[in-house]
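Report on the following structure.
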Amino acid sequence: QVQVAESGGGSVQVGGSLKLSCTVSSRYRFKDYCMGWFRQAPGKEREGVALMYTGGPSTYYADSVKGRFTISRDSANNTLYLQMNSLKPEDTAMYYCAAEGYGGSCHMDTSLFGSWGQGTQVIVSS
């Protein structure tokens, strides 16, 4: 069983930055997962933001965050990060970390992820 827990959310002004962290607790190796950041704004569906395979270099981003957000990992500490720069009001949402065992490819599809954190709130104000 995989447990994930997010931290690092908060309130920031437009153009500011935040860095989210996600710690992973699992009996399996950290490098054997697809891990992603998703977000859900009030009244909207949960959407994928950034994704990576923890055993390789590939990363994937939603078009809305490309060039502003960076997903990264610290394998030694079983931690996933999301660096968010140039934040916009439309980035306001609850951000979730998710993990799923790697099966050959990773896809930014919420239905493919079985382990979710409780979420961390990000508020961007103008």
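Every value quoted in this text rests on a predicted model; they were computed, and no experiment measured them.
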Nearest heavy atoms of Val12 and Ser17, plus distance in Å: CG2-N, 3.9 Å

Can you run down the ring-ring contact (aromatic ring centres under 6.0 Å, His included) pairs that involve residues 72-122, sequence neighbours left out, and say none if there aren't any? Phe38-Phe113, Phe38-Trp116, Tyr53-Tyr102

At what distance, to the nearest 0.5 angstrom, does SG of Cys34 lie from CG of Asp109? 11.5 Å

Pairs of donor and acceptor atoms involving the side chains of residues 117-126, under 3.5 Å and at least two apart or interchain, shall be tabulated with distances.
| unit_1 | atom_1 | unit_2 | atom_2 | d |
| --- | --- | --- | --- | --- |
| Thr120 | OG1 | Gly9 | N | 3.0 |
| Gln121 | NE2 | Ala93 | O | 3.2 |

Do Leu51 and Val2 sit in one hydrophobic cluster, given that two such residues count as connected whenever their side-chain heavy atoms are within less than 4.5 Å of each other, even indirectly? no

Can you confirm whether Met52 sits close enough to Cys106 that some side-chain heavy atom of one is under 4.5 Å from a side-chain heavy atom of the other? no

Rounded at 0.5 Å granularity, tell me how far NZ in Lys44 sits from CE in Met94. 15.5 Å

Residues 65-72 side chain polar contacts: donor-acceptor under 3.5 Å, at least two apart:
| unit_1 | atom_1 | unit_2 | atom_2 | d |
| --- | --- | --- | --- | --- |
| Lys66 | NZ | Asp63 | OD1 | 3.1 |
| Arg68 | NH1 | Ser86 | O | 2.9 |
| Arg68 | NH1 | Asp91 | OD2 | 2.7 |
| Arg68 | NH2 | Ser64 | O | 2.9 |
| Arg68 | NH2 | Asp91 | OD1 | 3.0 |
| Arg68 | NH2 | Asp91 | OD2 | 3.4 |

State, yes or no, whether a side-chain contact exists between Glu6 and Leu20 at a heavy-atom distance under 4.5 Å. no

I'd like to check Tyr33 versus Ser26 (side-chain heavy atoms, cut-off strictly below 4.5 Å). Are they in contact? yes

Please say yes or no: joined through hydrophobic side-chain contacts below 4.5 Å, possibly via intermediate residues, are Leu80 and Met108 part of one cluster? no

Can a donor-acceptor pair be found, under 3.5 Å and without considering hydrogens, that links the side chain of Glu100 to the backbone of Gly114? yes

Just how far is it from atom CG of Leu18 to atom OG of Ser11, taken to the nearest 0.5 Å? 8.5 Å

Minimum side-chain heavy-atom gap Ser75-Thr54 below 4.5 Å: no

Please check if Val49 and Leu112 belong to a single hydrophobic cluster, counting links between Ile, Leu, Val, Met, Phe, Trp and Tyr side chain heavy atoms closer than 4.5 Å. no

